[in-house]
Enquirer: 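What follows is a single structure, and I will ask about it in a moment.
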Amino acid sequence: MFKPTDLFDLGQTEHAALFDGAEYAWEAIKKLGDYLKANLHPALRNRCEGTAYIGERVFIGEGTVVEDGVMIKGPAIIGRHCQIRHNAYVRENVIVGDNCVVGNSCELKNVFMFNHCQAPHFNYVGDSILGHRAHLGAGVILSNVKLDHSEISVAAVDGEIATGLTKFGAIVGDRTEIGCNAVINPGSVLGRDCLIYPGANFRGVLPSASVVKVRQNLQVLTRRALDAK
């Protein structure tokens with residue numbers, strides 16, 4: 001399930017060439033910088049609402065709105081009819097598809113986003129790929145570095161697959177939904193049409209159409225201190 005076509009509809013991006021020759025989907029993460037050098041033609045066709053910082057090596061398509069306080073350092077390609085909301089921070093080597101949302105206080109670094117996907121509220125997305133119509137709930141973190149900074153492997157059924165990367169967040173398949181405040185740990189691969197419940201802490205490989213639930217034991221108590229007032 002690690003081939004690009006296992007996880008993504010490559011017709012939902014203008015940059016499918018990034019996956020040419022890739023055995024594993026995460027190989028595209030390594031190629032983002034070189035791809036942008038070869039294919040980025042800076043132009044700003046967007047509309048700004050307020051004041052934003054946009055670097056020299058940035059392309060933004062028509063119909064996209066960039067709100068006040070945004071910083072887009074580049075190199076970056078941002079598609080058509082996107083929303084880049086207040087105080088978003090778009091760092092180096094980022095490709096955002098058409099009709100995407102990058103929300104308030106979100107940070108993107110070395111990221112590829114297919115069309116119609118959303119990172120809309122307080123998200124960190126590092127060294128990751130988001131598939132067509134993938135959605136991150138508020139506060140979702142795609143963590144991209146191990147605590148010991150060692151090489152990141154993918155935990156396949158038949159053993160670990162070395163990636164050659166020390167920075168690798170997650171591969172999120174088409175239409176997968178990740179609930180609020182979930183943390184997806186380095187080297188995770190989430191198949192298509194998955195659901196991850198809010199507050200989950202997940203690392204590993206999730207087959208398509210899977211659900212990750214979080215169980216809690218909650219107690220509701222009477223506030224005794226109120227009786228003394």
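Throughout, numbering of the chain's residues begins at 1 and tracks the sequence.
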Enquirer: Assess whether a salt bridge exists between E92 and K109, defined as any Lys/Arg side-chain N lying under 4.0 Å from an Asp/Glu carboxylate O.
Expert: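 Looking at E92 and K109, the cut-off is not met.
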Enquirer: On a heavy-atom basis, which atom in F168 and which in S188 lie closest, and how many Å separate them?
Expert: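 Heavy atoms only, the tightest pair is CZ-O, 4.4 Å.
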Enquirer: With no hydrogens and no angle check, is any side-chain donor or acceptor of N123 less than 3.5 Å from a backbone partner on H121?
Expert: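 Confirmed, N123 side chain pairs with H121 backbone.
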Enquirer: To check you understand the geometry: which heavy-atom pair defines the closest contact between G103 and A88, and what is its length?
Expert: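 What the structure gives for the nearest pair is O-CB, 3.6 Å.
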Enquirer: Can you check whether D68's main-chain N or O pairs, donor with acceptor, with T51's side chain at less than 3.5 Å?
Expert: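 The answer is no, because no donor-acceptor pair under 3.5 Å joins these two groups.
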Enquirer: Output all residues satisfying side-chain hydrogen bond (donor to acceptor under 3.5 Å, both in side chains) with D148, sequence neighbours left out; order by chain, then residue number.
Expert: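 S150.
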Enquirer: Side chains of D127 and N110: donor-acceptor distance under 3.5 Å anywhere?
Expert: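 Per modelled atom types, D127 and N110 side chains form a pair under 3.5 Å.
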Enquirer: Taking all non-hydrogen atoms of both residues, which atom of E27 and which atom of A22 are closest, and how far apart?
Expert: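 Taking every non-hydrogen atom into account, OE1-CA, 3.5 Å.
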Enquirer: Identify, with sequence neighbours excluded, every residue that meets ring pair (Phe, Tyr, Trp, His ring centres under 6.0 Å) alongside F2.
Expert: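 Testing F2 for ring pair (Phe, Tyr, Trp, His ring centres under 6.0 Å), a comparison that skips the adjacent residues, returns W26.
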Enquirer: Less than 4.5 Å apart, side chain to side chain, heavy atoms only: is that true for N46 and I54?
Expert: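 In contact.
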Enquirer: Quick check: is L108 connected to V58 through a chain of hydrophobic side chains (ILVMFWY, heavy atoms under 4.5 Å apart)?
Expert: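 In one cluster with V58: L108, yes.
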Enquirer: Does a side-chain heavy-atom distance below 4.5 Å link I129 with F114?
Expert: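 Side-chain contact under 4.5 Å: yes.
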Enquirer: Can any side-chain N or O of S208 pair as donor or acceptor with the backbone N or O of G191 at less than 3.5 Å?
Expert: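 A pair under 3.5 Å: no.
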Enquirer: Taking the side chain from N87 and the backbone from V70, do they hold a donor-acceptor pair closer than 3.5 Å?
Expert: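 A pair under 3.5 Å: no.
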Enquirer: Got I77 and H15 here, is their nearest side-chain heavy-atom distance under 4.5 Å?
Expert: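 Yes; the side chains approach each other to less than 4.5 Å.
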Enquirer: In the hydrophobic clustering (ILVMFWY, side-chain contacts below 4.5 Å, transitive), which residues join V211, or is it alone?
Expert: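 Joined to V211, directly or through intermediates: L195, Y197, V214.
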Enquirer: List the residues meeting side-chain hydrogen bond (donor to acceptor under 3.5 Å, both in side chains) with D193, not counting sequence neighbours, and say none if there are none.
Expert: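 Scan of D193 (side-chain hydrogen bond (donor to acceptor under 3.5 Å, both in side chains), adjacent residues dropped) gives R175.
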Enquirer: Less than 4.5 Å apart, side chain to side chain, heavy atoms only: is that true for V65 and I84?
Expert: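 Side chain of V65 against side chain of I84, heavy atoms only: no contact under 4.5 Å found.
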Enquirer: Can you list every pair that meets ring pair (Phe, Tyr, Trp, His ring centres under 6.0 Å) and has a residue in residues 122-159, with sequence neighbours left out?
Expert: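 Listed once each, the pairs are H116-H132.
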Enquirer: Using a 3.5 Å distance criterion without hydrogens, assess whether the side chain of E67 forms a donor-acceptor pair with backbone atoms of H86.
Expert: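 Present.
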Enquirer: Is there a side-chain contact between L130 and L136 (heavy atoms, below 4.5 Å)?
Expert: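 Yes - at least one pair of side-chain heavy atoms lies under 4.5 Å apart.
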Enquirer: Looking only at heavy atoms, what is the nearest atom pair of A25 and L7, with distance?
Expert: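 For A25 and L7, the tightest heavy-atom pair comes out as CB-CD1, 3.7 Å.
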Enquirer: Is a side-chain N or O of T222 found less than 3.5 angstrom from the main chain of R224, in a donor-acceptor match?
Expert: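 Looks like no, no N/O pair under 3.5 Å.
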Enquirer: For the pair E14 and R80, find out whether any cationic side-chain nitrogen is under 4.0 Å from an anionic carboxylate oxygen.
Expert: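 Answer for the salt bridge query: yes.
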Enquirer: Cluster question for you: counting only ILVMFWY and a side-chain heavy-atom cut-off of under 4.5 Å, with indirect links fine, are I171 and V140 together?
Expert: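 No, no single cluster joins them.
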Enquirer: Please indicate whether K31 has more than 12 foreign heavy atoms, meaning atoms of other residues, nucleotides or ligands, lying under 6.0 Å from its NZ.
Expert: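 Enclosed.
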Enquirer: Return yes if some donor-acceptor pair links the side-chain N/O of S128 with the main-chain N/O of V125 below 3.5 Å, else return no.
Expert: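 Checking the backbone N and O of V125 against the side chain of S128, no donor-acceptor pair under 3.5 Å is found.
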Enquirer: Answer yes or no: are there more than 12 heavy-atom neighbours, outside R203 itself, under 6.0 Å from its atom CZ?
Expert: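 Yes, because the 6.0 Å sphere around CZ of R203 holds more than 12 heavy atoms from other groups.
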Enquirer: Would you say that more than 12 heavy atoms from the other residues, nucleotides or ligands in this model lie under 6.0 Å from the CZ of R57, or not?
Expert: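 It does not: R57 CZ has 12 such atoms or fewer within range.
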Enquirer: Can you tell me how far CE of M113 sits from CD of Q12, rounded to the nearest 0.5 angstrom?
Expert: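 Q12 atom CD to M113 atom CE measures 13.5 Å (nearest 0.5 Å).
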Enquirer: Side-chain contact, heavy-atom cut-off 4.5 Å: L206 with C194?
Expert: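 Sidechains of C194 and L206: in contact.
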Enquirer: F59: which residues meet the ring pair (Phe, Tyr, Trp, His ring centres under 6.0 Å) condition with it, sequence neighbours left out?
Expert: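 In terms of ring pair (Phe, Tyr, Trp, His ring centres under 6.0 Å), with neighbours along the sequence ignored, F59 is linked to no residue.
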Enquirer: Measure across V66 and A52 and return the closest heavy-atom pair with its distance rounded to 0.1 Å.
Expert: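 Here V66 and A52 meet closest at CG1-CB, 3.7 Å.
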Enquirer: Which is it for F19 and F112 under the ring-ring contact (aromatic ring centres under 6.0 Å, His included) test, yes or no, and what are the steps along the way?
Expert: CA-CA 11 Å; F19 297 94; F112 184 91; 5.6 Å; yes
Enquirer: Does any non-hydrogen side-chain atom of L32 lie less than 4.5 Å from one of I95?
Expert: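 They are in contact (side-chain heavy atoms under 4.5 Å apart), so the answer is yes.
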Enquirer: Contact between C82 and D98 at the side-chain level, heavy atoms closer than 4.5 Å - yes or no?
Expert: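 Not touching, per the 4.5 Å side-chain cut-off.
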Enquirer: Report yes or no: does N39 contribute a side-chain atom to a donor-acceptor pair with the main-chain N or O of L36 at less than 3.5 Å?
Expert: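 No, because the side chain of N39 does not come within donor-acceptor range (under 3.5 Å) of the backbone of L36.
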Enquirer: Any side-chain to backbone donor/acceptor pair from S210 onto P207? Under 3.5 Å, distance only.
Expert: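 Checked: pair present.
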